[in-house]
Amino acid sequence: MDNSIATKKKHPKGLPYLFLTEMWERFGYYLMLGIFVLYMIESKEKGGMGFDPKEAYSLYGTYIALTYLTPFLGGFLADRKLGYINAVYIGGTLMGLGYLGFALNGLEAFYTSMALVIIGNGFFKPSISTLLGNLYTTDEYKEMKDAGFNIFYMGINIGAFICNIIAAFMRNKFGWDAAFQTAGAGMFLGLIIFFIGMKHYKSANILKPVSPNDISIVKLFSVVFLPAIIAGVIGWIYPFDFSGVIFSDPSTYGTLFSNPQNLIGSNSDDAFIFACIPVIIFFISLYWNAEKNDKRPVAALLSIFAVSIMFWAVFKQNGTILTDWAKNYTNREVKGTLGNSAKYLSLADTIVYKKDSVTLFDKQFAQIKNEEGLVVKTYDYPIYFRNIPENERPTEGTVIATANTELFQSINPFWVVALTPLVVGFFSLLRRRGKEPSTPAKIAWGMLISALSCLVMVGAVYAGGQGDVKVSAVWLIACYGVITVGELFLSPMGLSLVSKLSPVRITALMMGGFFLSTSIGNKLSGMLAKTWYNYEDKTNFFLVNFVLLLISASLGFVLLRWMNKIMKEKGLK
């Protein structure tokens, strides 16, 4: 990292404490997230939930979507009533209790714990980001805001990197419950660090003045939150069949009740999309209600929110499709000293080779399906050996060690930690030469770079012969490396841009808007993941992702001149 960036004089003293707080909060969040799908699809006999994989993917998408939907409400309350410090305490406590709750048995405890994490993240996430942004409002630190958010983002990913190693150890050594309890311990450790550093950001905890045009808390609940709940319930319980209405005569309207279908996908898909509609309308209304000087900056932020959605839809497939790829189509065998060390450290599973485990599952991208095409678990044999060439398979009864699947979730945060100093140093070099791109330009380039990661996976599918043979882990490492560069151009820059352009009285609320785009993208990631099983040629799945990111990047570049002009009007770069 460039010394001018790393010097303490250039960054507020509160940065290390917020860095460590977020690091341990994300440690808990990503530890839980790294094993969430694995836990859901694991059989009940082995301590899991026994969900069907498609159901697990859908619930995963809904869960991570809701964790980023609630920040709009938590940010609003932090702006108006709670203050950012209180919101961090409330959110962190709820999340910690939620992680601990996952260790309890039963569906009731499972869904209650999900709710606690979802609500807690709504308070925590926008508030800590707003505190950080507020530390960079003075002339002394103003130019270092982008770098500050890059460093802060590196803290997030240090937590995300180490958590999966610890999760694998705790799960193998002590079970699923111990892994979730470790996530809770990490969250509470983060709150302790936040308390210790209080004096360095107490001055940044300022409630903003309210404008006459601002929506009240009562009105927010009545015209946004309550309608969102009602719309979500309608989407969940009421099935639709528009084909009978649009394409048939009125006498066929009875098909609405005799042959009902979901409008978008599953019940949870419909419920989430419906619930988002009042929230999206609310954020659009912020533009119409904004004061004259704030209209263009708010419009620029709303545009960035919209074009960022597809990035998250592809990026968050790390917990679904890329986890599936790591589990079933990546060579995870560890041999010799490394294998023995992995087994000793409880970072590897041991699998016994059985010939039946190959013959029963000897299909490309095999999943045992029922007559309706849904994936079901018919046999309890390990399928790891299914797509290993005959001449490379071990003898009957051989025991091999395979790296835990969740360890692959640490590849992305590893790249973030490794590449952040390079990215920050690169932008510092450009800044000294007067050629640093604007923050909106960084975001557009981030989406374009991220699109290239999909092409890496196209290569992986070809290398594996459509799943006939396992491929090297290098493919996943390369894919994560490329998309991480895009992530570093986009995600921390999005937080920085919100801090720069938001009207001061609604900064945390607009942070919630940024996370709303993340939320919608997260849900779309689950919906896209479910289509994985519909593709005979798996390269087409990744090509669709590539095209979606390419379209979003193109929109970003089209809007770039307009957004750069708004930045200049605000005296920003």
Side-chain angles (χ1 to χ4, degrees), residues 26 29-30 33 36-37 57-72 75 118 121-122 125-126 129 153 156 160 228 264-266 268-277 279-280 283-284 301-323 412 440 443-444 446-451 453-454 479-480 483-484 486-495 497-498 510-532 541-542 544-556 559:
R26 291 290 96 175
Y29 181 79
Y30 283 110
L33 216 56
F36 194 53
V37 168
Y57 289 168
S58 179
L59 187 57
Y60 173 89
T62 300
Y63 173 65
I64 60 175
L66 289 175
T67 59
Y68 285 96
L69 177 62
T70 51
F72 97 89
I118 288 166
N121 193 69
K125 197 68 177 167
S129 299
Y153 200 72
I156 293 174
I264 298 167
S266 66
S268 61
D269 293 337
D270 284 10
F272 178 80
I273 297 300
F274 276 46
C276 280
I277 294 173
V279 182
I280 293 171
F283 273 98
I284 294 174
L301 287 176
L302 293 177
S303 300
I304 287 293
F305 297 166
V307 298
S308 298
I309 288 174
M310 205 47 63
F311 168 80
W312 298 110
V314 174
F315 179 78
K316 286 300 182 178
Q317 289 171 23
N318 61 343
T320 52
I321 299 308
L322 295 187
T323 293
N412 167 245
I443 292 172
M447 284 185 286
L448 182 60
I449 294 169
S450 299
S453 69
C454 302
C479 171
Y480 278 123
I483 202 169
T484 298
E487 178 189 3
L488 289 174
F489 274 58
L490 187 147
S491 189
M493 294 305 98
L495 296 173
L497 189 66
V498 172
M510 294 305 291
M511 284 288 183
F514 179 72
F515 293 127
L516 172 64
S517 69
T518 308
S519 171
I520 296 173
N522 288 349
K523 182 56 188 173
L524 290 177
S525 76
M527 295 170 68
L528 285 170
K530 288 193 298 182
T531 68
W532 170 257
F541 175 86
F542 294 110
V544 167
N545 287 343
F546 172 74
V547 171
L548 291 174
L549 278 176
L550 205 60
I551 292 171
S552 293
S554 299
L555 289 173
L559 295 170

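With sequence neighbours excluded, the residues forming a side chain to side chain donor-acceptor pair (under 3.5 Å) with Tyr68 are Arg26, listed by chain and number. Under the rule for a side chain to side chain contact (heavy atoms under 4.5 Å, CB included), the partners of Val547 that lie at least two apart in sequence or sit in another chain are Ile551. Partners of Thr484 according to the side chain to side chain donor-acceptor pair (under 3.5 Å) rule, which considers only residues two or more places apart in sequence or in another chain, are Asn412. Residues satisfying the ring pair (Phe, Tyr, Trp, His ring centres under 6.0 Å) criterion with Tyr480, sequence neighbours excluded, are absent altogether. Among residues two or more places apart in sequence or in another chain, the side chain to side chain donor-acceptor pair (under 3.5 Å) test is passed with Ser308 by none. Every residue meeting the side chain to side chain contact (heavy atoms under 4.5 Å, CB included) condition with Leu59, not counting sequence neighbours, appears here in chain and number order: Met40, Phe51, Phe110, Tyr111, Met114. Listed by chain and residue number, Ile280, Trp288 satisfy the side chain to side chain contact (heavy atoms under 4.5 Å, CB included) test with Ile284 (two or more places apart in sequence, or in another chain). Annotation: ring pair (Phe, Tyr, Trp, His ring centres under 6.0 Å) contacts of Phe489 (sequence neighbours excluded): Phe427. For Ala451, the side chain to side chain contact (heavy atoms under 4.5 Å, CB included) partners are Phe546, Leu549, not counting sequence neighbours. Qualifying side chain to side chain donor-acceptor pair (under 3.5 Å) partners for Ser491, counting only residues two or more places apart in sequence or in other chains: Tyr153.
Going from atom SG of Cys454 over to atom CG of Leu548 covers 8.5 Å, rounded to the nearest 0.5 Å. Atom NZ in Lys316 sits 15.0 Å away from atom CD1 in Ile321 (nearest 0.5 Å). Atom CD1 of Ile273 and atom NZ of Lys523 lie 7.5 Å apart (nearest 0.5 Å). Atom CG of Leu322 and atom SG of Cys479 lie 5.5 Å apart (nearest 0.5 Å). How far CD1 of Ile304 is from CG of Leu490: 8.0 Å, rounded to the nearest 0.5 Å. Note that CD1 of Ile443 is 8.0 Å distant from CE of Met493, once rounded to the nearest 0.5 Å.
A donor-acceptor pair under 3.5 Å links the side-chain atoms of Ser453 to the main chain of Ser450, judged by distance alone. Thr70 places a side-chain N or O within 3.5 Å of a backbone atom of Ile118 that can act as its donor or acceptor partner. Distance alone, capped at 3.5 Å, places no donor-acceptor pair between the Asn545 side chain and the Val314 backbone.
Side-chain contact between Leu528 and Thr320 is absent, with no heavy atoms from C-beta onward closer than 4.5 Å. Inter-residue side-chain proximity for Ile449 and Glu487 is flagged as unmet; no heavy-atom pair is nearer than 4.5 Å. Taking the side chain as every heavy atom from C-beta outward, Met527 and Phe272 never approach each other to under 4.5 Å. Between Leu33 and Tyr29 there is a side-chain heavy-atom pair separated by less than 4.5 Å. With contacts defined as side-chain heavy-atom distances shorter than 4.5 Å, the pair Phe36/Tyr30 does not qualify. Between Leu497 and Pro440, the closest side-chain pair of non-hydrogen atoms falls below 4.5 Å.
The heavy-atom pair separating Gln317 from Ser525 by the smallest distance is CG-O, 4.1 Å. Between Gly556 and Ala444, the closest heavy-atom pair is C-CB, 4.0 Å. Of all heavy-atom pairs between Val498 and Leu301, the closest is CA-CD2, 3.8 Å. The shortest non-hydrogen separation linking Met447 to Phe311 is CG-CB, 4.3 Å.
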Please step through side chain to side chain contact (heavy atoms under 4.5 Å, CB included) for the pair Tyr63 and Thr67, ending with a clear verdict. CA-CA 6 Å; Tyr63 173 65; Thr67 59; 4.2 Å; yes
Check: residues 514-522 side-chain donor-acceptor pairs under 3.5 Å, at least two apart:
residue : atom : partner : partner atom : Å
Ser517  : OG   : Phe514  : O            : 2.5
Thr518  : OG1  : Trp312  : NE1          : 3.4
Thr518  : OG1  : Phe514  : O            : 3.2
Ser519  : OG   : Ala65   : O            : 2.3
Ser519  : OG   : Leu69   : N            : 3.4
Asn522  : ND2  : Ile64   : O            : 3.1
Asn522  : ND2  : Thr518  : O            : 3.4

